[in-house]
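Residue numbers start at 1 and run along the sequence shown.
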Amino acid sequence: MTKSSAGVNGSKRAIWAAGLALVLALAAWGAQAQSEPAPLSLEVRGKIARTTDASRQTYRFTEAQLLALPVHAITTTTTWTPRSTFTGPLLADILKTVGAYGSQVEIHTLDDYTYTIPVSDCDRYGVIVAYSMNGRRLKISDFGPLFLIYPRDAFPGELTGASGDSKFVWQIKALIVK
Ligand SMILES: Nc1nc2c(c(=O)[nH]1)N[C@H]1C(S)=C(S)[C@@H](COP(=O)(O)O)O[C@H]1N2
Ligand SMILES: [Mo]
């Protein structure tokens with residue numbers, strides 16, 4: 001090999017190495033972004049006695065506030081997940097925090113699904129607003145950031161089938177108390 005061709009090969013290798021490093025860095029960054037749990041937040045409006053905004057319409061929970069509520073667990077199968085342990089605050093504690101005085105809760109999601117449940121489900125089933133499944137925070141692509149969980153395995157007659165499934169609302173962003 002002559003001196004000049006070694007120099008050309010060397011700089012080609014350097015360009016390849018730089019390209020490879022860039023591709024690896026982008027792949028690592030992509031994997032990191034994907035594994036990041038979605039930040040938690042929740043807006044509650046409607047028949048509520050306490051609010052956090054200037055116009056007194058909305059109680060906006062921050063991630064810190066949601067994580068500060070007592071943590072409850074429900075272990076159950078759902079139509080979409082094998083038997084798993086879900087954790088998060090009781091819906092009842094969220095409603096208590098905002099001073100909710102209605103009888104229904106209309107749930108709104110990031111994918112614009114809307115479903116209304118009776119407040120009485122809180123007492124009957126101990127419904128939780130889960131942010132974790134088996135100790136891992138729910139990603140938006142995996143029912144997160146917040147997933148309404150009922151103890152389906154404990155009430156198979158009432159909570160399985162199409163009418164039960166519709167209560168398992170994921171990607172929750174807001175609650176309207178009616
Ligand atoms: N965020 C969100 N949650 C949801 C839904 C939805 O479209 N978006 N569909 C609900 C309804 S009506 C049913 S029956 C079940 C079933 O949803 P799937 O058929 O899309 O799996 O999820 C419930 N939870
Ligand atoms: Mo449904």
Any chance you could measure [X], atom [atom1], to [Y], atom [atom2], to the nearest 0.5 Å?
X	Y	atom1	atom2	result
Tyr125	Ile117	OH	CD1	10.5 Å
Ile149	Leu159	CD1	CG	11.0 Å
Asp142	Met133	CG	CE	7.0 Å
Thr78	Ile74	OG1	CD1	12.0 Å
Ser41	Gln65	OG	CD	10.5 Å

- Task: Under the side chain to side chain contact (heavy atoms under 4.5 Å, CB included) rule, collect the residues that match up with Tyr101, sequence neighbours excluded.
- Result: Lys47

- Message: Once side chain to side chain contact (heavy atoms under 4.5 Å, CB included) is applied, do any residues pair with Pro118, and if so which ones, sequence neighbours excluded?
- Response: Gln104, Ser120, Asp121, Lys167

- Looking at residues at least two apart in the chain, or sitting in another chain, which of them share a salt bridge (charged side-chain N to carboxylate O under 4.0 Å, His left out) with Arg50? none

Please output the side-chain donor-acceptor pairs of residues 85-100 that fall under 3.5 Å, not counting sequence neighbours, one pair per line with the distance.
residue: Thr85; atom: OG1; partner: Thr75; partner atom: OG1; Å: 2.7
residue: Thr97; atom: OG1; partner: Asp93; partner atom: O; Å: 2.7

- Do Leu110 and Leu148 belong to the same hydrophobic cluster, where Ile, Leu, Val, Met, Phe, Trp and Tyr are linked whenever their side-chain heavy atoms lie under 4.5 Å apart, directly or via other members? no

- Task: Indicate, with yes or no, if Leu66 and Val71 share a hydrophobic cluster defined by side-chain heavy-atom contacts under 4.5 Å among Ile, Leu, Val, Met, Phe, Trp and Tyr.
- Result: yes

- Item | Results of side-chain hydrogen bond (donor to acceptor under 3.5 Å, both in side chains) for Thr76 - residues two or more places apart only | Asp153

- Item | Results of side-chain hydrogen bond (donor to acceptor under 3.5 Å, both in side chains) for Ser166 - residues two or more places apart only | Tyr115

For [Y], is there any backbone N or O sitting under 3.5 Å from a side-chain donor or acceptor partner on [X]?
X	Y	answer
Glu158	Phe155	no
Thr81	Thr77	no
Ser132	Gly135	no

- Would you tell me whether Arg45 and Thr51 have side-chain atoms, one donor and one acceptor, within less than 3.5 Å of each other? no

- Item | Sequence-distant partners of Phe168, ring pair (Phe, Tyr, Trp, His ring centres under 6.0 Å), two or more places apart | Tyr150

- Does Tyr113 have any ring pair (Phe, Tyr, Trp, His ring centres under 6.0 Å) partners at least two apart in sequence or in another chain, and if so, which? none

- Query: Restricting to pairs with a member in residues 55-75, which pass ring pair (Phe, Tyr, Trp, His ring centres under 6.0 Å), not counting sequence neighbours?
  - Reply: Tyr59-Phe61

- salt bridge (Lys or Arg N to Asp or Glu O under 4.0 Å) pairs touching residues 59-68, sequence neighbours excluded, are Glu43-Arg60, Glu63-Arg137

- Sort and list the pairs that fulfil salt bridge (Lys or Arg N to Asp or Glu O under 4.0 Å) and have at least one residue in residues 68-82, not counting sequence neighbours. none

- Query: Would you say the side chain of Leu40 lies within less than 4.5 Å of the side chain of Leu146, judging by non-hydrogen atoms?
  - Reply: yes

- Message: Do His108 and Val169 have side chains that approach each other closer than 4.5 Å (heavy atoms only, starting at C-beta)?
- Response: no

Under 3.5 Å donor-acceptor pairs involving side-chain atoms of residues 170-178, not counting sequence neighbours:
residue: Gln171; atom: NE2; partner: Ile140; partner atom: O; Å: 3.0
residue: Lys178; atom: NZ; partner: Glu106; partner atom: OE1; Å: 2.9

- Item | For the student: nearest non-hydrogen atoms of Gly102 and Val119, plus distance | O-CG2, 3.6 Å

